[in-house]
Asker: 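Structure provided below as C-alpha cells; questions to follow.
In the text below, chain A, chain B and the rest are named by the order of the sequence lines, each starting its count at 1. It should be emphasised that the depicted structure is a prediction, and the values quoted were computed from it without experimental measurement.
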Number of protein chains: 4
Amino acid sequence: MPGATPTARAATRRGEATRDRLLRAVRDVVADVGYPHATTRAIAEAAGVAEGTIYRHYPDKATLFLAAVADANRPVLAAMADLPGRAGTGTVAGNLTEALGQLAQLRQQMVPLELAMLTDPDLAAQRARLHAEASAGAGPSAAGLPDPPGLLADYLAAEQAHGRVRADLAVGPAAVTILAALLGLALAPGTDPSSATVDPGVLAHLVDGNIRSCGC
Amino acid sequence: MPGATPTARAATRRGEATRDRLLRAVRDVVADVGYPHATTRAIAEAAGVAEGTIYRHYPDKATLFLAAVADANRPVLAAMADLPGRAGTGTVAGNLTEALGQLAQLRQQMVPLELAMLTDPDLAAQRARLHAEASAGAGPSAAGLPDPPGLLADYLAAEQAHGRVRADLAVGPAAVTILAALLGLALAPGTDPSSATVDPGVLAHLVDGNIRSCGC
Amino acid sequence: MPGATPTARAATRRGEATRDRLLRAVRDVVADVGYPHATTRAIAEAAGVAEGTIYRHYPDKATLFLAAVADANRPVLAAMADLPGRAGTGTVAGNLTEALGQLAQLRQQMVPLELAMLTDPDLAAQRARLHAEASAGAGPSAAGLPDPPGLLADYLAAEQAHGRVRADLAVGPAAVTILAALLGLALAPGTDPSSATVDPGVLAHLVDGNIRSCGC
Amino acid sequence: MPGATPTARAATRRGEATRDRLLRAVRDVVADVGYPHATTRAIAEAAGVAEGTIYRHYPDKATLFLAAVADANRPVLAAMADLPGRAGTGTVAGNLTEALGQLAQLRQQMVPLELAMLTDPDLAAQRARLHAEASAGAGPSAAGLPDPPGLLADYLAAEQAHGRVRADLAVGPAAVTILAALLGLALAPGTDPSSATVDPGVLAHLVDGNIRSCGC
DNA sequence: AATGAATGAGGTTTCATTCAT
DNA sequence: CATGAATGAAACCTCATTCAT
C-alpha cells in the first residue's frame, strides 16, 4: 500500500485544493468588485493560479460561477434544515430568531453571488437547466429539493399543530414574506455591508409581526 | 412670443426626444438581457439611433445608466409622496395596500436597474458622488432628500398620532422592513416577472402583520 | 451707397471673420494639445463656432490645416524676402542675426504646424499636390516660388560678390545648414517653448561659425 | 544546470521575441504611415500577431511607443559614448565626421518616433514621468544620464585641452548647435528619406565651420 | 451663414477561451 | 496538473463628416 499511486493521489489532492481556492476566489472577487468586473483574470489572480488553470477544472466561466453559488449555498441550507425538527421545543420566537439570524449572516456572504444570478439571465437559465437535470437524475420522486421557504413553512405548520402559532396564519405566504424581507434587508441601501448581521430590532419586528399568536 | 426662438426650441426638442428614447431603451434592454449584457450597441439599437449618438447626450455609459435610474425613480417617489397626507383618512390598511401596491408595480419596472447599481460598485460610487454634489449644490439645509422609507415612516407616525396604529410600533424599523420585504419579493426566485403585481395575499399579510393595531 | 446690398456684404465680412478665427484656432489648438488631438470639435470650440460651420468654409479637415499652414507661413517668408536687398549694407553678421532672430521667433509659432506636416504623410502629399497645381496655374515660368533657403543663399552669394563673405563658402549647403539648425533648435528637447527666441549665444555661434570671412 | 528551468526560459523566450517584433513593428509602421495613422491594428499586423497580444506585453499604446523609442535610442547613445575617449587620437575633423555620420544614419531611423514625441504632449509627459522615476530609482547621485549633447561637449572640451580646438569655442552651445542642425537636416523638406545619410558636403561644412581651429 | 444632432467607420482596450510548453 | 502567451470577437468610445432646421 505505501507508495501506491502516490502521484495520482497527490495530484487529486492538489486538484481539489485548487478547486477550493477557485471557488473562494469567485466569492471574494465578486464581493469585492462586483459581478460585471469579476473577470477570469481577476479570479485566477485571487486564487493564485494561472488563468488557464481555470479551464482544467471547469469547462467555462458560467460553470465555475454556478459551482461557487452551490458551494456558498450549502451552509445556508444546513442552517435551515434543523428548524422543522425544533417545533415544540424552546419558544417560537427564540427558534425563529436564531435560525433567521444565522441565515442573515450566511446570506450576507452569498448575496453578491445571488445578485449575479439575478442580473444575468444566461446564468439563471443554465442554473435552471442544471437543477432540472439533477432532479431528473435523482429519480422522479426527488422532485422537491429542500429549499429555505419550504423548510420555514414546514416549521410554521408544525408549530401551528402544536398550537403555538395562530391557526389562521397562511404559512406559505408568511414564509415567503419573511425570507423576502431578509433578502431585501441585505440589499437595502444604507445597509452597512461590513456588519454581517441584521439589526436585532428589525429582526425582532420581523419575527414578532409575522407569527405572533393573537394573545398579543 | 410664439415663434420667438423656434429653431433653438426645435433643436432642443429633437435632442430631448432622443434622450427619452435612450432612457427607455436602457430600461428595456436591462430588463431584457440583464445589466451585464446591456451593451451600448444593444441600447442604441433599441433606441433606434446610432451608437455614437449616445455620446452626444451622455458623456459615458455610466452617466447614461444613472440618468435612466433617476428617471425610473421619479414615479416611485411620486407614488409615496402622497401617503403622509392621507393619514387619518380612509383606513390604515386601505391606504397602505394601495400605496404599496402601486409601489410594487413601479418597483417591478425598476428592479433590474436597481440591481445594476447593487452589482456594480463603480456605478454605485458614481451615483453617490452625484448625490453628494446635488445635496451640496442645493445648500447645506437640503441634506435629506425625501426617500420611500422616510415617507412611509412619516405616515406611520402620523397614524400613531391619530391612534390608528398601535403606539409601541417602532415606525423606522417597520418602514424599512416593509419596503425591504417588497424589494425581496420582487427579487424572489419563482416570482413571475411578467405579472407586474405582488400576490395580494402576501401583500395583505405584509400590511396586516406589521401595523395591526392590537384589536387583532 | 448706404444700404447697398448690406446683407450680402455683411455676410461676406462675417464669413471672412469666421475663416480667420478658424485658422487661428487651428494654430492654437495644435500648439496646445498637439496635432493628433487637434480634433474638429476642439478647433470649432476654440474658434467659437459650431462644428458644422467648418465645412461651410473648407471642404475637409486637411484643407483647413493646409490653409492654416499657408497663413502661418506668410510672415516667415516676408521676414526673409527683405534679406537679399540688404547685401552690402550694415554688417553681414548684423543682417543675418536680425533676419534669423525674426525667423526663429516666427518659426516658433508655426513649428507645431510644420511638425504636423512631417508626421502625417497624407497631409504632406495633399500639400505637394496643391503646390504643384499652384505652380502649374501660374504658368511654366513660375516654377520656383521663393523659399527661405533660396533667399538666404541668394543673400550669401550677393555678399560674396561684395567680398564680405569668404569666397570658398558653398552658399547652398551653408543656407540649408543654418536653417536646419534653426529648426532643430526649435525642436530640441529642453527648449523652453514659452521663450519665443533662440539663445543669443547660440545664434551668434551659428552666424559666426558659418559665414566668417577668414580674417577670424 | 542546463535545462534547469527549461519551461520558464522557453516561455520567456517566446515573449521576448514577440516584444521585439512589436518594437520593430512600431518603428516600421510609424516610419511608413506616420504617427497619427500608426494604429494598434496596423502595428499588430506588421508584427504578425493579434491585436490583443499587444496588451499582454504593454499596458497601453503609449507605453509600447515609449518602449520603442527607448529601444531605438540605445544605438544612438552607443554611437556617441565612444567619442570622448577618442580625444587626442586621429584628427578632430575625422573623429567628428565619423561620429556625426553614424549618428545621422541612426537618427534617420528614429526621427519619426522622435517626431511622435514632439507632436503628442501626452506621450512627452508620460516619457518625462518615466525618466523622472528612473532617475529617482537610480538614487540621487545618478541625476544626469549621458545624452548626446553632453557627450559631444565633453569631447570638444577634451580636444580644447589638447589644443586641437580653438580655446575660445563655447563647447556647450557648439554641441547643441551641431546636433540641432543634424536633427533639422533630417527633417528638412527635400531631404530624400530613402538616402539614410546626410549630404557629405553639408556634414563637412557643419564640422568645419564649428570647430575649426583658427589656422583656417 | 450657422447650428448642433446624427451618423457609422474605426480606434483602443478587455476578456473568455485555446494551445504550446 | 499547471502555466502564460496568443487569439479574435466584442466592448466602449471618438471623430470627421452630413443633414435638418
Asker: Just so I know, are the side chains of D/L66 and D/Y58 near enough to count as touching, which here means a heavy-atom distance under 4.5 Å?
Answerer: no
Asker: Measure CD1/B/I43 against C1'/E/dA6 and give the value in whole Å, please.
Answerer: 18 Å
Asker: Find the distance B/Y58:OH to F/dC12:P and express it as a whole number of Å.
Answerer: 17 Å
Asker: Any side-chain heavy atom of D/D32 within less than 4.5 Å of one from D/H37?
Answerer: no
Asker: Which residue, C/A50 or B/T18, contacts DNA chain E at a nucleotide closer to its 5' end, judged by nearest heavy atom?
Answerer: C/A50
Asker: Taking all heavy atoms of A/D120 and all of B/P36, pick out the closest pair and write down the distance.
Answerer: CB-CG, 4.4 Å
Asker: Taking CD from A/E16 and C1' from F/dC1, how many angstroms apart are they, rounded to a whole number?
Answerer: 14 Å
Asker: How does each nucleotide of nucleotides 13-19 of chain F score, in 5' to 3' order, for protein heavy atoms under 4.0 Å: base (B), sugar-phosphate only (S), or none (-)?
Answerer: BBSBBB-
Asker: From CD1 of D/I54 over to P of E/dT12, roughly how many Å is that when rounded to an integer?
Answerer: 8 Å
Asker: Heavy atoms, side chains only, cut-off 4.5 Å: are D/L64 and D/H57 in contact?
Answerer: no
Asker: Do other residues, nucleotides or ligands put more than 12 heavy atoms under 6.0 Å from the CZ atom of C/R24?
Answerer: no
Asker: Where does DNA chain E pair, written as one dot-bracket string 5' to 3', with Watson-Crick or G-U pairs under 3.5 Å, ( ) inside the strand, [ ] for crossing pairs and | for another strand?
Answerer: .||||||||||||||||||||
Asker: With heavy-atom distances below 4.5 Å as the criterion, would you say the side chains of C/T18 and C/R56 are in contact?
Answerer: no
Asker: Starting at CG of B/D122 and ending at P of E/dT14, how long is that distance when rounded to a whole Å?
Answerer: 14 Å
Asker: Considering only heavy atoms from C-beta outward, does the side chain of D/T63 approach that of D/Q126 to under 4.5 Å?
Answerer: yes
Asker: Provide the closest heavy-atom pair for D/V30 versus D/A38 in the form atom of the first, atom of the second, distance.
Answerer: CG2-CB, 3.8 Å
Asker: If I take atom CD in residue B/E45 and atom P in nucleotide E/dA6, what distance separates them, rounded to the nearest angstrom?
Answerer: 17 Å
